[in-house]
Chemist: 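Before we start, here is the structure in question, set down as structure tokens.
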Amino acid sequence: MRTTRGSLPCFGLGMAALGRPGYINLNRDSAFGSDARTLDKMQTQADQVLDVLFRLSQKSGSIPWIDCARSYGLSEKFVGEYLKKRNIKRDEVYVSSKWGYTYVADWNVQLDPGEPHEVKDHSAYNFLKQLDETVSFLGDYVNLYQIHSATLESGVLENADVHKALSQCRKERGWAIGLSVSSPKQDEVIRRAMEIQVDGTKLFDSVQCTYNVLEQRPGPVLIEAHQSGMDIIIKEGLANGRVLQNPIIREYSRKLSCEPDQLALACILAQPFRPRVLSGAVTPDQLQSNWAAKELARKLQEDPTMLAEIMDKTKIESEKYWSERSTLAWN
């Protein structure tokens with residue numbers, strides 16, 4: 001693998017909300033305005049946020065990290081074109097992407113009731129198909145390729161053909177192999193994934209998990225995964241925007257003279273499983289604010305009592321978290 005574990009960037013930009021016009025994050029109109037979210041407008045906005053990512057990374061001496069997926073609309077296209085236009089060398093950026101879902105919303109923000117924005121297919125055939133698509137957009141820039149939202153129900157954790165294909169991909173391309181997880185059963189899925197081997201070698205190098213001050217159930221298994229050598233990546237650190245209105249987070253933010261987004265992300269970065277965290281920012285200002293969480297995390301690590309207080313007061317039941325998430329509207 002091209003990038004060693006010790007050199008991995010700890011903070012990156014997720015493209016879920018920048019690669020397509022619609023997503024479930026709250027209050028997207030406040031970021032994009034009321035104008036139509038055309039392809040050109042979304043690509044311009046993505047470029048502006050990526051510019052800030054590269055600038056902030058350069059200032060901090062870290063490698064810019066961008067996380068895409070086949071189902072994040074045109075995220076791979078946007079990122080690939082951005083990197084090529086600016087003549088970014090492959091060792092000057094860290095790119096992760098995912099396969100397993102196909103974007104089918106045809107650049108619409110909202111669809112008729114019951115119509116999906118993305119369709120899951122965790123078959124070996126779809127892996128090979130989407131692998132070719134990812135390569136066509138991102139080429140040699142990819143460092144990490146992940147199963148998108150692996151679940152016990154999809155069968156991908158029991159599919160030997162998929163496992164062999166993923167292992168072969170790692171051997172031939174030098175990419176790390178990971179999985180992302182969702183649902184109240186994230187901990188069960190991670191434990192099962194940690195058991196999978198191909199030819200005596202563990203299959204998964206990393207896991208991308210939803211973990212935040214509200215949804216804390218995966219914490220113990222993430223410690224286990226970290227101790228086993230897995231790279232821990234955290235998504236949805238702001239719970240699609242729900243965390244920003246949390247009264248406990250707002251109270252402690254005032255005490256610490258910081259913004260709610262900074263505190264929420266810092267609480268994740270300060271966890272003992274040493275996570276790498278993705279920002280879901282869609283504007284330059286949002287990314288700059290999120291970035292400040294790194295310094296705040298160091299302060300929380302020096303004050304474990306306060307960190308424990310915040311985490312204890314904010315957590316909710318996992319089933320409640322995912323039930324509420326399921327009601328979020330595409331906007």
Side-chain angles (χ1 to χ4, degrees), residues 5-6 8-12 14 26 56 59-62 65 181 184-188 190-191 194 206-281 286-325:
R5 187 66 49 86
L8 297 177
C10 72
F11 202 83
L26 300 179
L56 291 170
K59 282 184 178 180
S60 65
S62 61
W65 167 28
V181 292
K185 297 180 181 179
Q186 289 184 115
D187 51 350
E188 297 178 41
I190 294 170
R191 286 196 173 93
M194 290 169 63
S206 78
V207 60
Q208 184 174 142
C209 178
T210 294
Y211 179 92
N212 51 58
V213 295
L214 303 180
E215 164 61 315
Q216 300 179 33
R217 176 172 168 174
V221 75
L222 291 177
I223 292 175
E224 294 173 27
H226 167 66
Q227 291 174 342
S228 77
M230 288 185 79
D231 173 25
I232 309 300
I233 297 172
I234 299 302
K235 59 185 172 76
E236 295 190 16
L238 300 181
N240 305 108
R242 287 181 284 161
V243 162
L244 301 178
Q245 300 303 318
N246 182 275
I248 303 300
I249 290 297
R250 296 184 73 84
E251 174 191 346
Y252 277 87
S253 296
R254 288 190 292 270
K255 290 180 180 179
L256 293 167
S257 300
C258 66
E259 297 298 323
D261 64 298
Q262 296 164 1
L263 178 57
L265 294 172
C267 286
I268 301 168
L269 286 164
Q271 293 302 311
F273 45 82
R274 297 181 62 185
R276 302 198 291 133
V277 175
L278 288 166
S279 163
Q286 287 178 359
L287 182 57
Q288 288 187 92
S289 183
N290 289 176
W291 196 268
K294 296 197 294 181
E295 180 60 34
L296 184 57
R298 285 187 275 272
K299 295 179 181 178
L300 290 176
Q301 288 171 330
E302 294 169 358
D303 190 349
T305 300
M306 176 176 284
L307 176 61
E309 282 179 9
I310 296 171
M311 299 301 289
D312 185 60
K313 291 179 180 180
T314 53
K315 66 181 177 182
I316 64 175
E317 291 296 322
S318 187
E319 289 74 12
K320 183 174 188 283
Y321 177 89
W322 289 99
S323 176
E324 291 177 353
R325 186 187 186 278

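Counting begins at 1 with the first residue of the sequence. All heavy atoms count here, side chains included; hydrogens, waters and symmetry mates do not. What you are looking at is a predicted structure, and each value in this text was computed from that prediction instead of being measured.
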Chemist: Let me confirm one number: the SG-CG distance from C10 to L278, rounded to the nearest 0.5 Å.
Modeler: 11.0 Å
Chemist: Donor-acceptor pairs under 3.5 angstrom involving side-chain atoms of residues 253-260: please list them, not counting sequence neighbours.
Modeler:
unit_1 : atom_1 : unit_2 : atom_2 : d
S253   : OG     : I249   : O      : 2.6
K255   : NZ     : E251   : OE2    : 3.3

Chemist: Using the test side-chain contact (heavy atoms from CB on, under 4.5 Å), find all partners of K185 that sit at least two apart in sequence or belong to another chain.
Modeler: L152, E153, S183, E188
Chemist: NZ of K294: more than 12 outside heavy atoms within 6.0 angstrom?
Modeler: yes
Chemist: Should we say atom CZ of R191 is surrounded by more than 12 heavy atoms from elsewhere, each under 6.0 Å from it?
Modeler: yes
Chemist: Is the number of heavy atoms from other residues, nucleotides or ligands under 6.0 Å of E317 CD greater than 12?
Modeler: no
Chemist: Give, for atom CD1 of I316 and atom CZ of R217, the distance between the pair rounded to the nearest 0.5 Å.
Modeler: 13.0 Å
Chemist: Could you check if a side-chain atom of L26 sits within less than 4.5 angstrom of a side-chain atom of R242, using non-hydrogen atoms only?
Modeler: yes
Chemist: About how many Å separate OG of S62 and CG of L8, when rounded to the nearest 0.5 Å?
Modeler: 11.5 Å
Chemist: One pair to check against side-chain contact (heavy atoms from CB on, under 4.5 Å): E215 and W322. What are the steps and the verdict?
Modeler: CA-CA 9 Å; E215 164 61 315; W322 289 99; 2.8 Å; yes
Chemist: What is the minimum heavy-atom distance between C267 and M311, and which atoms define it?
Modeler: CB-SD, 3.8 Å
Chemist: Quick one: closest heavy-atom pair of L263 and L300, and the distance?
Modeler: CD1-CD1, 4.1 Å
Chemist: Who are the ring pair (Phe, Tyr, Trp, His ring centres under 6.0 Å) partners of W291, not counting sequence neighbours?
Modeler: F11
Chemist: Can you confirm whether L307 sits close enough to Q271 that some side-chain heavy atom of one is under 4.5 Å from a side-chain heavy atom of the other?
Modeler: yes
Chemist: To the nearest 0.5 Å, what is the distance between CD on Q227 and CZ on R274?
Modeler: 12.0 Å
Chemist: Looking at F273 and G219, what are the two nearest heavy atoms and their distance?
Modeler: CD2-O, 4.0 Å
Chemist: Knowing that exactly one of D261, N246, I268, V213 qualifies, which makes a side chain to side chain contact (heavy atoms under 4.5 Å, CB included) with L238?
Modeler: D261
Chemist: Is any NZ, NE, NH1 or NH2 atom of the basic residue among E236 and R325 found under 4.0 Å from an Asp or Glu carboxylate oxygen of the other?
Modeler: yes
Chemist: Is any side-chain heavy atom of V207 closer than 4.5 Å to one of V221?
Modeler: no
Chemist: Are side-chain heavy atoms of L222 and H226 found at a separation under 4.5 Å?
Modeler: no
Chemist: If every non-hydrogen atom of V243 is compared with every non-hydrogen atom of G237, which pair is closest and at what distance?
Modeler: CG2-O, 4.3 Å
Chemist: Got a donor-acceptor contact below 3.5 angstrom from the S323 side chain to the K320 backbone?
Modeler: no
Chemist: Can you tell me how far the CD1 atom of I234 sits from the SG atom of C209, to the nearest 0.5 Å?
Modeler: 5.0 Å
Chemist: If you look at every heavy atom in P218 and T210, which pair is closest and at what distance?
Modeler: CG-O, 3.7 Å
Chemist: Mind running side-chain contact (heavy atoms from CB on, under 4.5 Å) on I233 and W65 for me, showing each step along the way?
Modeler: CA-CA 12 Å; I233 297 172; W65 167 28; 3.7 Å; yes
Chemist: Return the minimal non-hydrogen interatomic distance between S279 and L287, and the atom names on each side.
Modeler: OG-CD1, 3.8 Å
Chemist: So how far is it from E309 CD to I248 CD1, rounded to the nearest 0.5 Å?
Modeler: 10.5 Å
Chemist: Between R276 and G12 (side chain of the first, backbone of the second, donor and acceptor by atom type, cut-off under 3.5 Å), is there such a pair?
Modeler: no
Chemist: Regarding E295 and R298, does a basic nitrogen lie under 4.0 Å from an acidic carboxylate oxygen?
Modeler: yes
